[in-house]
Amino acid sequence: MTSRGRVRSWEILGMEGVIDSDDTPGGSWTPFVSVAVHGPPVLTPGEEVEFEWQHQAEPLYGHSYFTVRAWPLGTEPVAQSDRPTSGAWNIAPDGTVTEVTDLDWEEPIRVGTWSVGVVSVWNGEESWGVIDSEHTPGGCWTFFSALHPDEVIDSRSVGGFSIGGGVSDLDVGEQVDFEWEPAIDQDGYRFRAIKVRPRREIPPWRVERFEG
């Protein structure tokens with residue numbers, strides 16, 4: 001079904017957001033692969049869009065609707081074959097997003113340092129938190145997408161994933177293993193998590209790959 005809506009939020013680090021409309025109460029979860037535009041597949045909070053959506057029998061990241069395709073109001077959706085294909089993006093400190101092409105690959109993207117830490121902050125509504133460790137003084141910022149399995153985070157393939165199961169939040173006080181990288185300014189923090197692995201038992205992930 002196609003509806004008109006407004007972008008509630010867009011997370012640059014996770015390259016995903018939420019679109020609100022009367023037809024999708026609670027919002028429709030929107031990954032970057034669903035953004036049908038030329039150039040970087042990003043949306044702007046407050047922007048009006050048209051979007052195709054489907055209802056999820058099982059909520060996805062807390063949302064009962066999934067965006068199949070979205071594009072700015074007043075424009076035409078860009079065909080998949082005409083969109084950027086690398087699926088990788090360089091995010092500058094000012095939020096500017098540029099595509100990383102195959103010619104840019106010199107080493108694996110985002111190789112960090114593993115440490116053990118304790119979750120000191122978790123914002124369940126916005127799905128971000130802070131991990132404290134001796135190696136990340138002042139705290140390490142993390143987003144729920146860092147909890148995704150390695151095959152998703154490390155993927156350099158065209159397309160995307162449908163992800164279910166697993167875990168999408170952390171508990172304050174729990175111990176985790178996490179991989180981190182320096183950040184110039186990530187919401188006031190100098191460190192950012194690439195991967196986070198809780199030590200508690202979590203449900204198995206269900207990952208389905210779809211090609212672009």
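We're numbering straight along the sequence, starting at 1. Keep in mind the model is a prediction, meaning the values are calculated, not measured.
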- Message: Would the distance check show the side chain of S127 and the main-chain N or O of F144 forming a donor-acceptor pair, the cut-off being under 3.5 Å?
- Response: no
- Same hydrophobic cluster for F191 and V116, using side-chain heavy-atom links shorter than 4.5 Å among ILVMFWY? no
- Query: Checking D171 side chain against E174 main chain: does a donor-acceptor pair fall under 3.5 Å?
  - Reply: no
- Query: At what distance, to the nearest 0.5 angstrom, does CE of M1 lie from CG of D23?
  - Reply: 6.5 Å
- Looking at CD of E134 and OG1 of T136, how far apart are the two atoms once the value is rounded to the nearest 0.5 Å? 9.0 Å
- Item | Nearest heavy atoms of D20 and G27, plus distance in Å | OD1-CA, 3.5 Å
- Answer whether the closest heavy-atom distance between the side chains of W71 and E50 falls below 4.5 Å. yes
- Query: Can you name the closest pair of heavy atoms from S133 and G117 and give their distance?
  - Reply: CB-CA, 4.0 Å
- Note on the structure: Closest non-hydrogen atoms of S21 and S3, given as atom of the first, atom of the second and distance, are OG-CB, 4.3 Å
- Message: For R6, give me all partners under side-chain hydrogen bond (donor to acceptor under 3.5 Å, both in side chains), at least two apart in sequence or on another chain.
- Response: none
- Item | Given T44, L43, L73, the one that forms side chain to side chain contact (heavy atoms under 4.5 Å, CB included) with V49 | L43
- Identify the two heavy atoms, one from S64 and one from P59, that lie closest to each other, and give their separation to 0.1 Å. OG-CG, 4.3 Å
- Compare every heavy atom of R8 with every heavy atom of G26, then report the nearest pair and how far apart it is. O-NH2, 2.9 Å
- ring pair (Phe, Tyr, Trp, His ring centres under 6.0 Å) partners of H135, counting only residues at least two apart: none
- For I131, which of Y189, W122, W180, F178 qualifies under side chain to side chain contact (heavy atoms under 4.5 Å, CB included)? F178
- With no hydrogens and no angle check, is any side-chain donor or acceptor of E179 less than 3.5 Å from a backbone partner on G112? yes
- Message: Under a plain distance cut-off of 3.5 Å, with no hydrogens placed, do E16 and W29 share a side-chain donor-acceptor pair?
- Response: yes
- Interatomic distance, CG@D185 vs CZ@R190, rounded to 0.5 Å, equals 10.5 Å
- What residues form a salt bridge (charged side-chain N to carboxylate O under 4.0 Å, His left out) with D187, not counting sequence neighbours? none
- Message: I'd like to know if I202 and F143 are part of one continuous hydrophobic network [Ile/Leu/Val/Met/Phe/Trp/Tyr, side-chain heavy atoms within less than 4.5 Å].
- Response: yes
- Group every Ile, Leu, Val, Met, Phe, Trp and Tyr by side-chain heavy-atom contacts under 4.5 Å, then state whether V35 and V33 land in the same group. yes
- Message: My understanding is that only residues two or more places apart in sequence, or in another chain, count here; which of them pass salt bridge (charged side-chain N to carboxylate O under 4.0 Å, His left out) with D150?
- Response: K195, R197
- Minimum heavy-atom distance V167-W205, with the two atoms named: O-CH2, 3.2 Å
- Item | Hphob cluster co-occupancy, V130 + L170, side-chain heavy atoms under 4.5 angstrom | yes
- Query: Mind checking whether Y65 and V7 sit in one hydrophobic cluster, side chains of I, L, V, M, F, W, Y counted as touching below 4.5 Å?
  - Reply: yes
- Task: Quick one: list whatever passes side-chain hydrogen bond (donor to acceptor under 3.5 Å, both in side chains) with T142, sequence neighbours left out.
- Result: none
- Task: Please determine which of V68, T30, T2, T24 meets the side chain to side chain contact (heavy atoms under 4.5 Å, CB included) test together with F51.
- Result: T24
- Partners passing side-chain hydrogen bond (donor to acceptor under 3.5 Å, both in side chains) against H63 (at least two apart in sequence or in another chain): none
